Structures are given as structure tokens and as C-alpha cells.
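Below, chain A is the first sequence line, B the second, and so on; all start at residue 1. The structure displayed is predicted, hence computed values, not measured ones.
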Number of protein chains: 2
Amino acid sequence: MNYNYQTPRYLLVIDQIKEKINDGELEPGERLPSETDFAKELRVSRNTLREALRILEEENIIIRKHGVGTFVNKKPVFSGGIEELFSITDMIQREDKIPGTELLFTGSVDPHSDDIKELNLNENEQVLLVKRVRTADGSPLVYCIDKIPANLLAKGYKLNEESMLKSLQEKAGITISYAKADIKTIGYHEEISEILNCDSDTPLLILKQIHYDLSDKPILYSLNFFRSDQISFSVFRKRVF
Amino acid sequence: MNYNYQTPRYLLVIDQIKEKINDGELEPGERLPSETDFAKELRVSRNTLREALRILEEENIIIRKHGVGTFVNKKPVFSGGIEELFSITDMIQREDKIPGTELLFTGSVDPHSDDIKELNLNENEQVLLVKRVRTADGSPLVYCIDKIPANLLAKGYKLNEESMLKSLQEKAGITISYAKADIKTIGYHEEISEILNCDSDTPLLILKQIHYDLSDKPILYSLNFFRSDQISFSVFRKRVF
DNA sequence: CTATAAAGGTGAGACGTCCAACAAGTCAAC
DNA sequence: GTTGACTTGTTGGACGTCTCACCTTTATAG
């Protein structure tokens with residue numbers, strides 16, 4: 001096995017340009033050298049440079065104006081919205097809080113009809129059901145229900161207390177690539193509101209997700225009930241023309 | 001001399017391939033000809049074909065596997081999540097319902113401190129405040145508060161009853177390019193829950209948005225309160241590596 | 001029979017070159 | 001002064017060619 005990664009040139013070029021921007025060598029709003037000149041300066045062909053510029057434009061780091069020039073974008077690209085897939089562990093850490101986990105239940109169960117549909121299961125296939133409460137700095141933040149087809153996991157699969165995504169990656173070799181999420185809300189849930197220790201005036205934000213792997217196979221069905229007084233979801237919405 | 005190169009070749013190639021897929025000439029899951037062969041067949045250079053394939057891959061229409069081949073994607077690309085920016089009018093129409101509007105208030109007012117911050121206003125700048133209830137098939141769905149800096153609009157600016165985005169585009173020549181949205185929830189709002197005609201058990205989903213134009217200038221600050229029993233937000237979440 | 005090596009096909013990346021489309025400035029003719 | 005052709009410099013698009021990395025299949029050695 002020779003993992004002979006050789007980083008493509010255009011990716012190196014991207015890094016070089018980003019570095020120039022971060023180092024202040026290229027100021028926001030400033031015009032880049034012409035493609036011909038810049039290619040010479042970076043010692044790559046114009047096409048390679050263009051490939052890099054194309055991606056940088058996609059990432060909103062530069063703006064290209066036909067017949068005028070290429071410019072460093074002014075605005076700091078904000079992101080980190082939930083259109084990017086990250087784990088609840090990450091979500092908590094981004095708020096500079098310490099994530100914790102309280103395991104409520106784990107074991108194989110027969111799936112509900114919903115699960116069969118969403119996870120594309122066979123008749124007799126069981127699912128690994130995990131119920132947890134995730135805490136931020138010790139106080140309960142979200143009630144999590146996760147379901148994974150049992151046959152995807154080795155017998156001795158041991159759930160660690162960290163991110164489910166990370167755990168799937170490292171323990172089962174499954175890479176989650178994307179998820180289809182649905183955001184709802186519910187006023188009060190007898191059991192869950194109790195566990196999250198929030199009163200009847202505080203609604204719960206529900207994040208219902210189906211996670212898929214690289215070959216579009218449904219892997220993980222999860223329901224998350226958030227305390228709405230401690231969380232909100234931000235989304236970067238882009239106009240599609 | 002003037003050959004018919006109005007639209008770029010690679011865009012034509014994209015259309016040709018899409019057409020082949022829609023016509024059933026290329027079945028979902030089927031392998032495309034190799035790049036070399038396909039380029040010959042379509043009478044373009046391999047580079048041009050690759051540019052087309054690159055874009056088709058981005059659009060999730062095909063999947064390329066290094067050393068194996070290029071395949072037509074099986075699954076229908078789901079999207080339409082709120083990571084794509086569309087108006088509430090669109091949102092309602094996508095549910096096959098008839099959008100309606102009830103205008104509650106419109107006029108110029110002094111901005112709040114929040115507005116000044118979010119819309120990047122000057123001290124004495126007024127904002128056009130619009131309060132509306134949007135209905136779907138006649139029944140109230142969402143309570144909308146919109147604020148636009150007054151100086152962006154001509155004196156005689158007349159709000160039509162349609163989409164604010166569309167109105168800004170057509171009447172004021174302002175193109176909204178993207179928005180930063182925040183999703184919250186609230187259990188009950190004395191005034192708004194009343195207007196939306198929903199009881200105290202039904203929480204409201206709040207969509208708070210700041211809309212920006214093509215040059216990243218904040219244009220529109222909006223607060224939308226949705227009846228949570230009639231709406232949920234779907235998001236396509238993608239892993240970023 | 002199995003395991004390993006070689007071969008061939010595939011997409012990925014890169015280069016040099018050419019022409020077209022676009023924007024802005026220059027300058028002469030009106 | 002205004003107009004309109006021309007010039008210059010930019011990004012956009014396209015081509016042909018080459019090498020590399022990756023995967024599958026086949027052939028071969030044991």
C-alpha cells in the first residue's frame with residue numbers, strides 16, 4: 001500500500017494565494033496580477049492558475065470581473081451554518097463549552113415503520129438504538145435518539161461517548177457524507193422536557209436527520225430535541241439563479 | 001469567419017448530456033463512455049468535455065470514480081432546502097397552495113438599535129417598516145416583519161403584494177444575492193399567535209434573516225413567525241472536509 | 001489452487017498555445 | 001464637445017498533448 005499522496009499543483013496554488021491574503025500581501029479589494037503575470041510569478045501554467053482561481057471564486061474568496069481583473073473579496077466569508085454538516089459535539093465546542101454525554105439506553109431493537117422507510121431496511125433487520133442526553137458545561141442541552149442498521153456494525157461495536165459521526169468513521173470505517181435535515185418545533189414533551197429540565201414555556205427545537213455515506217446509502221437516522229432557550233440554528237442561504 | 005459560438009461549447013455539452021439522460025439514452029446508474037471516446041462522440045476536446053463533467057458532478061447529476069468511470073447518478077437530487085434562498089411566496093407555491101397577503105402596516109419609522117447594527121445604518125436614517133400576514137389557501141401561515149433602509153427606495157416606492165425579493169428586484173433594481181438566516185422558536189406570542197389564529201400549545205418557528213445584495217450590502221432585515229404546525233424547514237447538510 | 005505481478009483502461013492534473021468576448025482608455029473626425 | 005473607430009489589456013473558452021494515479025482484469029509463478 002503506497003499512499004503516495006502528491007498534492008496537485010492547483011491545490012498548492014490555492015494555498016499560496018490564501019496565504020498571500022492572510023499575510024496581508026494581498027489586501028481585501030486589491031486587484032491580483034493579471035492571469036498571465038500571476039501564472040509566471042507562481043511558476044505554473046495559466047490554466048493551472050485558472051483552475052485555482054475558479055475554486056477560490058466558488059469559495060467567495062475572490063471575485064473575477066471579465067475584462068477588468070480579479071479581486072480579493074472584501075467580506076469575511078461567514079459560514080458555520082447548519083448547511084455544513086457537523087456533530088453536536090462540534091456544535092457545543094464552537095460555543096466554547098465542554099461537551100458531555102449521559103447514556104440513557106443502548107441496544108438492538110426492532111425498527112418502526114418510519115425507520116424501515118428512512119433507512120431503507122429489510123423486514124427482519126434490527127437497528128441499534130441509542131438514547132443520550134448531551135450536555136454543555138454540564139447542563140443538559142439536547143436529547144438525542146440515534147438509530148443505525150445493526151448489520152452495519154461489528155458485533156463488538158462499542159459506542160464511545162463522543163461524536164457519532166466520528167465514532168462511525170473510526171470504529172466502523174463508515175464516512176458520513178451528507179444529511180437531509182428537517183427542523184421542527186414542539187411546545188412540550190412530557191418525557192423529554194422533563195429530562196432536559198426545561199419548563200412548559202420553553203419549546204423544543206427538533207432536528208430530524210437522515211445521514212448518508214459516500215455512496216448515498218442511508219446510515220444513521222437521528223432525532224435531536226434541543227432546549228430552544230440555549231440554541232438557534234443559523235443557515236447561510238444562497239440565491240440560485 | 002463568425003462561427004456560431006454564442007454560447008460556450010461546454011454549456012452546450014452539458015445540455016446535450018442532460019438531454020441524453022432525460023431521453024433515457026443514458027439510464028441512471030449507467031456508465032458513460034470513457035472521456036476520450038465521449039469527447040470524440042460529442043465532437044469536442046477532452047478538456048471541454050471534462051469542464052462539462054466537472055459542473056455536472058457539482059450538480060450531483062453524475063458521479064466520477066477515479067480509475068473506474070463516470071456514472072449517471074441514481075438518486076433524484078433532492079434540494080429545495082432553505083440553504084437555497086427563496087421567498088415565502090415561493091415556499092407556499094411549492095406546497096401547491098395559493099399565496100395571499102394581508103397588509104397590516106407600512107411606513108417609515110426610526111430604526112431600533114438592532115436594525116442599525118444589522119443593516120449598518122447611519123444615525124438619522126429611517127427604515128421602511130412593513131408588517132404583513134402571509135396566507136396559504138386563505139389561512140394564515142406566517143407573520144412577517146420587514147425592514148429596508150428608506151434611502152434605498154424611491155419616494156414613490158409602492159409595495160406590491162408579492163414577494164419582497166421580486167419587488168426589490170423589479171421596482172428598485174436591487175438584487176438580493178444571499179441571506180444569513182437564524183432559526184429560533186418561541187412558545188407563544190400574545191399578539192402574533194392571536195393573529196395567526198393558533199392556540200397556546202402551538203409554538204412559533206422564527207426565521208430571522210438579513211439579506212444582502214451582490215456587493216454584500218445589507219438590504220433587508222426580516223423576521224418571520226411561522227405556525228409550526230404547518231411548516232418545517234428542510235436543510236441539505238453537506239460534510240466539508 | 002492461490003497469490004502475486006503485469007497490462008490495459010480510466011479519470012486527474014498539468015502544460016503551452018490560440019482565439020473570442022469584454023472593458024476601458026486614446027485619438028482623430030465630425 | 002461628442003461621437004465612433006482603434007488599441008490595449010483583461011478574463012473566458014477551447015484545443016492537443018503529455019504524464020500520473022487509480023482500479024480492474026488477466027496472466028503467470030509458486
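The distance from atom CD of A:Glu35 to atom P of C:dC15 is 14 Å, rounded to the nearest whole Å. One atom, CZ of A:Phe71, and another, P of D:dT10, lie 11 Å apart when rounded to the nearest Å. Rounded to whole angstrom, the span from the CG atom of A:Leu11 across to the C1' atom of D:dA21 amounts to 15 Å. The separation between B:Ile55 atom CD1 and D:dG12 atom C1' is 12 Å, rounded to whole Å. B:Leu12 has its CG atom 11 Å from the P atom of D:dC15, to the nearest Å. Rounded to whole angstrom, the span from the CG atom of A:Asp37 across to the P atom of D:dG9 amounts to 10 Å. Distance B:Lys40 NZ to D:dG16 P: 11 Å, rounded to the nearest Å. Atom-to-atom, CG of A:Leu32 to C1' of D:dG9 comes out at 16 Å; the value is rounded to the nearest Å.
Ring-centre distance between B:Phe233 and A:Phe233: not below the 6.0 Å cut-off.
In this model, no side-chain donor or acceptor of B:His66 finds a partner on the base of C:dA12 within 3.5 Å.
Between the side chain of B:Arg237 and the backbone N or O of A:Ile82, at least one donor-acceptor pair lies under 3.5 Å.
A donor-acceptor contact under 3.5 angstrom links the side chains of B:Arg134 and B:Thr101, judged on distance only. Donor-acceptor pairing under 3.5 Å is lacking for the side chains of B:Thr175 and B:Asp213.
Taken residue by residue, residues 41-54 of chain A places heavy atoms nearer than 4.0 Å to DNA chain C at A:Val44, A:Ser45, A:Arg46, A:Asn47, A:Thr48.
Residue B:Thr70 has no polar side-chain atom (N or O) positioned under 4.0 Å from OP1 or OP2 of C:dT10.
Shown here is B:Glu57, whose CD atom has more than 12 heavy atoms of other residues, nucleotides or ligands within 6.0 Å.
Using a 4.0 Å heavy-atom distance criterion, B:Thr36 is classed as making no nucleic acid contact.
Checking C:dG11, D:dC23, D:dT10 against the side-chain heavy atoms of A:Arg31 singles out D:dT10 as nearest. In the set D:dG13, C:dA23, D:dT11, the nucleotide with an atom closest to the side chain of B:Tyr10 is D:dG13.
Looking at B:Lys20 and B:Glu30, no side-chain N of the basic residue comes within less than 4.0 Å of a carboxylate O on the acidic one, giving no salt bridge.
For B:Phe38, the ring pair (Phe, Tyr, Trp, His ring centres under 6.0 Å) criterion is met by no residue, not counting sequence neighbours.
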